[in-house]
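For reference, the structure is listed below as structure tokens.
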Amino acid sequence: MQIQKPKGTYDLTPKEAFQRTYLENFIRKVFDNYNYREIRTPTFENTKLFKRSIGEETDIVSKEMYTFNEDEFTLKPEMTAPVIRAYVENRMFNDAPLQKLYYISNMYRRERPQAGRYREFSQFGAESIGSADVTSDAEMIFLADAILKGLGLVNYKIRLNTIGTLAERGIFISALKEYLTDFTEELSNDSKRRLEKNPLRILDSKDAADLRILENAPVLTHYLNDSTKMHFEKLLSILKELSNKIQVDPRLVRGFDYYTSTTFEFVTDTIGAQNALLGGGRYDMLAEQLGAKQTPAIGFAAGIERLEMALKAESVDIPKEKEIMLYICSAGESPREKVLGIINKLRAEGIKCDTDFLGRSVKSQMKEADRMKAKYVIVLGDEEINNDTAELKKMSDGSTLKIEGLEKIINYLNNEN
RNA sequence: GCGGGUAUAGCUCAGUAGGCAGAGCGUCAGAUUGUGGCUCUGAAUGUCACGGGUUCGAGCCCCGUUACUCGCCCCA
């Protein structure tokens, strides 16, 4: 009986895994360059952590969590809450007033899979904890842009907005609700539901009728006080070199409850309906909610699968697996048994090499060497073994070179590295 | 949770009117003793997703199920 992978999961076969690792390494390098340090947290957390931070009413918490042990634990659906939990639990605020952290990790959400959406998926992200200053907002967006741009992506936009403090947003939400209530009958079914649960989400609606109603709806910007507006203006001015990519969008809202002030989203039109490559914003109230003193913070998270889709859509080259330096063919049973000892010595010298394990013909072994893109091949038979010599064949042009002694082969190949 | 599409070899896919299960790629082997790529020859791999029904006969028609996929919702 054949068993299939769970819905919404995927395997990365060696070629794909190699590219994933390349991406991760690239991303780590950029984080490191910005002086962000890696943090790792458990795969599962106490369920309460997500209920408190993301919000009980959100879809993620109310119906998409992988919860077990009678609701005690949950596979993490996102990383901001775990990072802040770890920050508080490890008293990291005592190490330094500003902590700049990053992660690359798998997340779990029980959603219906579709293009760019998986039940187990991989995110990378950063959290800058401790500063309310606008320069932190700017660094976060520069950082996110540096990663996408550095990988070679061109076709994306940065949607940017401020959703104000909790107080400002509260007043706005009441006004919005009041306005929309007059149109309750004309709203889409989804928006009728959102009107009760999360009115801000209506701003994100794609429904044509909703959009028409929204044309005359209250605008969040008008409900923000001067300091919030000033913060946003300063941010735009620091980010002016990105201005060709930035689209200020007063209707950009985020799904999680903990966001305040600056929010942003990097979107592309090349990967289907799930077009957000990266999303983030400020969450100045979260650390306090999770037991620290009031601590401002900002962060983002990006989906690696979506990034891979975008790279593919834009035909960005990703390096291929490294070829092997040497393939040793053995001619006959007795040489074959000696070869393993030989390649073991070569490998100890850092030479990437391989040989045949199936007892195939020399011709087949040559084909194998070709498939592995070996730079050099040696065929060892009784004669070569007895005389400790080898004919080193360069696969690119077929030329051969007679070498005496294993030591000389090692020297020769090490010079090639 | 709701809606659309699809399901045939490892991969990409054909399969005519309901009448023998196919191609390309890949894999394996051979083409003068122990040398790759190009070419040629040959071979292996199938529960035609699964379960029912109609029929002399079903990959094809009908019903159901499952999986995958795309969209809504939600979000990275």
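We use all heavy atoms of the structure for the numbers below, so side chains are in, but hydrogens, waters and symmetry mates are not. In what follows, chains carry the letters A, B, and so on, assigned in the order in which the sequence lines appear, proteins first and then strands, with residues in each chain numbered from 1.
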Discussion item. Would you say A:T67 and A:T74 are linked by a side-chain donor-acceptor pair, where the criterion is simply a distance under 3.5 Å?
Written reply: yes

Discussion item. Using side-chain heavy atoms (C-beta onward) and a distance below 4.5 Å, is A:S105 in contact with A:K76?
Written reply: yes

Worksheet entry | Residue list, side-chain hydrogen bond (donor to acceptor under 3.5 Å, both in side chains) with A:R40, at least two apart or on another chain | A:E38

Worksheet item: Checking all strands, does A:E384 fall into the base, sugar-phosphate, or nothing category for heavy-atom contacts under 4.0 angstrom?
Response: base

If you restrict it to nitrogen or oxygen atoms, what contacts under 3.5 Å exist between nucleotides 68-73 of chain B and the protein, and what is each distance?
from: B:C68; atom 1: OP2; to: A:K7; atom 2: NZ; distance (Å): 3.1
from: B:C70; atom 1: OP2; to: A:A115; atom 2: N; distance (Å): 2.9
from: B:G71; atom 1: OP1; to: A:A273; atom 2: N; distance (Å): 3.0
from: B:G71; atom 1: OP2; to: A:Q114; atom 2: NE2; distance (Å): 3.4
from: B:C72; atom 1: OP1; to: A:K206; atom 2: NZ; distance (Å): 3.1
from: B:C72; atom 1: N4; to: A:R117; atom 2: NH2; distance (Å): 3.2
from: B:C73; atom 1: OP2; to: A:K206; atom 2: NZ; distance (Å): 3.4
from: B:C73; atom 1: O2'; to: A:R193; atom 2: NH2; distance (Å): 3.4
from: B:C73; atom 1: N3; to: A:R117; atom 2: NH1; distance (Å): 2.9
from: B:C73; atom 1: N4; to: A:Q114; atom 2: OE1; distance (Å): 3.2
from: B:C73; atom 1: N4; to: A:R117; atom 2: NH1; distance (Å): 2.3
from: B:C73; atom 1: N4; to: A:R117; atom 2: NH2; distance (Å): 3.3
from: B:C73; atom 1: N4; to: A:Q274; atom 2: NE2; distance (Å): 3.4

Discussion item. Say we look at B:A67 and B:G30: how far apart would their P atoms be, to the nearest angstrom?
Written reply: 45 Å

Worksheet entry | B:G5 versus B:A17 - spacing of their C1' atoms, nearest Å | 26 Å

Worksheet, complete the sentence: In Watson-Crick or G-U wobble terms, with both distances under 3.5 Å, the base opposite B:A31 is B:U39

Fill in: Who pairs with B:A23 - Watson-Crick or G-U, where each distance is under 3.5 Å
B:U12

Worksheet item: Separation of A:Q123 atom CD from B:A76 atom P, in whole Å?
Response: 7 Å

Worksheet item: Mind checking what makes ring-ring contact (aromatic ring centres under 6.0 Å, His included) contact with A:Y102, not counting sequence neighbours?
Response: A:F31

Worksheet item: What interatomic distance, in whole Å, is found between C1' of B:C11 and the corresponding atom of B:G71?
Response: 27 Å

Worksheet item: Do A:S128 and A:Y36 come within less than 4.5 Å of each other through their side chains, counting heavy atoms only?
Response: yes

Discussion item. Only pairs with both distances under 3.5 Å count, Watson-Crick or wobble alike; so what is the partner of B:U45 in this structure?
Written reply: none

Worksheet item: In whole Å, what separates the P atom of B:U69 from that of B:U33?
Response: 49 Å

Discussion item. For A:E349, give me all partners under side-chain hydrogen bond (donor to acceptor under 3.5 Å, both in side chains), at least two apart in sequence or on another chain.
Written reply: none

Discussion item. Rounding to an integer number of Å, can you tell me how far A:D370 CG sits from B:U39 C1'?
Written reply: 15 Å

Practice prompt. Provide the distance between the two C1' atoms, one in B:C68 and one in B:U35, to the nearest whole Å.
Written response: 45 Å

Item to complete: Go through the steps to decide whether A:E127 and A:T80 satisfy the test side-chain hydrogen bond (donor to acceptor under 3.5 Å, both in side chains), and finish with yes or no.
Response: CA-CA 7 Å; A:E127 315 289 350; A:T80 301; 2.9 Å; yes

Fill in: Given RNA chain B, 5'-ward residue of the pair A:D382 and A:G303, judged by closest heavy atom
A:D382

Discussion item. I'd like to check the ring-ring contact (aromatic ring centres under 6.0 Å, His included) partners of A:F124; sequence neighbours left out, ordered by chain and number.
Written reply: none

Worksheet item: In the structure shown, which nucleotide is the Watson-Crick or G-U wobble counterpart of B:U66, with both distances under 3.5 Å?
Response: B:A7

Fill in: C1' spacing across the pair B:C20 / B:C60, given as an integer number of angstrom
16 Å

Ignoring hydrogens and angles, write down the donor-acceptor pairs under 3.5 Å from the side chains of residues 167-188 of chain A, residues two or more places apart or on other chains.
from: A:E168; atom 1: OE1; to: A:T165; atom 2: N; distance (Å): 2.8
from: A:E168; atom 1: OE1; to: A:T165; atom 2: OG1; distance (Å): 3.4
from: A:E168; atom 1: OE1; to: A:T228; atom 2: OG1; distance (Å): 3.1
from: A:E168; atom 1: OE2; to: A:N225; atom 2: N; distance (Å): 3.1
from: A:E168; atom 1: OE2; to: A:N225; atom 2: ND2; distance (Å): 2.6
from: A:E168; atom 1: OE2; to: A:T228; atom 2: OG1; distance (Å): 2.8
from: A:R169; atom 1: NH1; to: A:G164; atom 2: O; distance (Å): 3.4
from: A:R169; atom 1: NH1; to: A:Y259; atom 2: O; distance (Å): 3.2
from: A:R169; atom 1: NH2; to: A:Y259; atom 2: O; distance (Å): 3.1
from: A:S174; atom 1: OG; to: A:G170; atom 2: O; distance (Å): 2.9
from: A:Y179; atom 1: OH; to: A:I213; atom 2: O; distance (Å): 2.5
from: A:T181; atom 1: OG1; to: A:K177; atom 2: O; distance (Å): 2.5
from: A:T184; atom 1: OG1; to: A:T181; atom 2: O; distance (Å): 2.5
from: A:S188; atom 1: OG; to: A:S191; atom 2: N; distance (Å): 3.2
from: A:S188; atom 1: OG; to: A:S191; atom 2: OG; distance (Å): 3.3
from: A:S188; atom 1: OG; to: A:D210; atom 2: OD2; distance (Å): 2.7

Worksheet item: For atom C1', what is the distance between B:U27 and B:C63, given to the nearest Å?
Response: 40 Å

Practice prompt. Output the residues of residues 26-36 of chain A in contact with RNA chain B, where contact means a heavy atom of the residue under 4.0 Å from an atom of the strand; sort by number or write none.
Written response: none

Worksheet item: Which one is paired to B:G71, where only Watson-Crick or G-U wobble pairs with both distances under 3.5 angstrom count?
Response: B:C2

Are there any protein N/O atoms within less than 3.5 Å of an N/O atom in nucleotides 42-44 of chain B, and if so, which ones and at what distance?
none

Would you tabulate the pairs of protein nitrogen or oxygen atoms and nucleotide nitrogen or oxygen atoms of nucleotides 28-31 of chain B closer than 3.5 angstrom?
from: B:C28; atom 1: OP1; to: A:R371; atom 2: NH2; distance (Å): 2.9
from: B:C28; atom 1: OP2; to: A:R371; atom 2: NH1; distance (Å): 3.4
from: B:A29; atom 1: OP1; to: A:S364; atom 2: OG; distance (Å): 3.1
from: B:A29; atom 1: OP2; to: A:S364; atom 2: OG; distance (Å): 3.2

Worksheet entry | Residues A:R201, A:D204: salt bridge by 4.0 Å N-O rule | yes

Item to complete: Scan residues 307-364 of chain A for pairs that pass ring pair (Phe, Tyr, Trp, His ring centres under 6.0 Å), counting only residues two or more places apart or in two chains.
Response: none

Worksheet entry | Separation of the C1' atoms in B:A31 and B:A23, to the nearest angstrom | 24 Å

Worksheet item: Base, sugar-phosphate, or nothing for A:A369, non-hydrogen atoms under 4.0 angstrom?
Response: nothing

Worksheet item: Once the angle between the rings of A:F44 and A:F73 is folded into 0 to 90°, is it parallel (under 30°), tilted (30 to 60°) or perpendicular (over 60°)?
Response: perpendicular

Item to complete: Could you tell me which nucleotide pairs with B:U54 by Watson-Crick or G-U wobble geometry, both distances under 3.5 Å, or answer none if nothing does?
Response: none

Practice prompt. Please determine, for B:G18, whether a Watson-Crick or G-U wobble partner exists with both distances under 3.5 Å, and give it or none.
Written response: none

Response to the item:
Rounded to whole Å, NZ of A:K15 lies from C1' of B:C11 at a distance of 11 Å

Fill in: Residues which pass side-chain hydrogen bond (donor to acceptor under 3.5 Å, both in side chains) with A:D71, listed by chain and number, not counting sequence neighbours
A:K51

Worksheet item: Does A:R212 pair with A:E215 as a salt bridge, N-O distance under 4.0 Å?
Response: no

Worksheet item: Just checking A:R109: base, sugar-phosphate only, or nothing, at a heavy-atom cut-off of under 4.0 Å?
Response: base

Worksheet item: Taking side chain as C-beta onward, heavy atoms only, is A:R20 less than 4.5 Å from A:E308?
Response: yes

Worksheet item: Between A:Y10 and A:E16, is a side-chain hydrogen bond (donor to acceptor under 3.5 Å, both in side chains) present by the stated rule, with each step listed?
Response: CA-CA 11 Å; A:Y10 58 87; A:E16 298 157 333; over 6 Å; no

Discussion item. Does anything in residues 318-342 of chain A come within less than 4.0 Å of RNA chain B? Heavy atoms only, and list the residues if so.
Written reply: none

Worksheet item: Atom CG of A:D210 and atom P of B:C74: how far apart are they, to the nearest Å?
Response: 10 Å

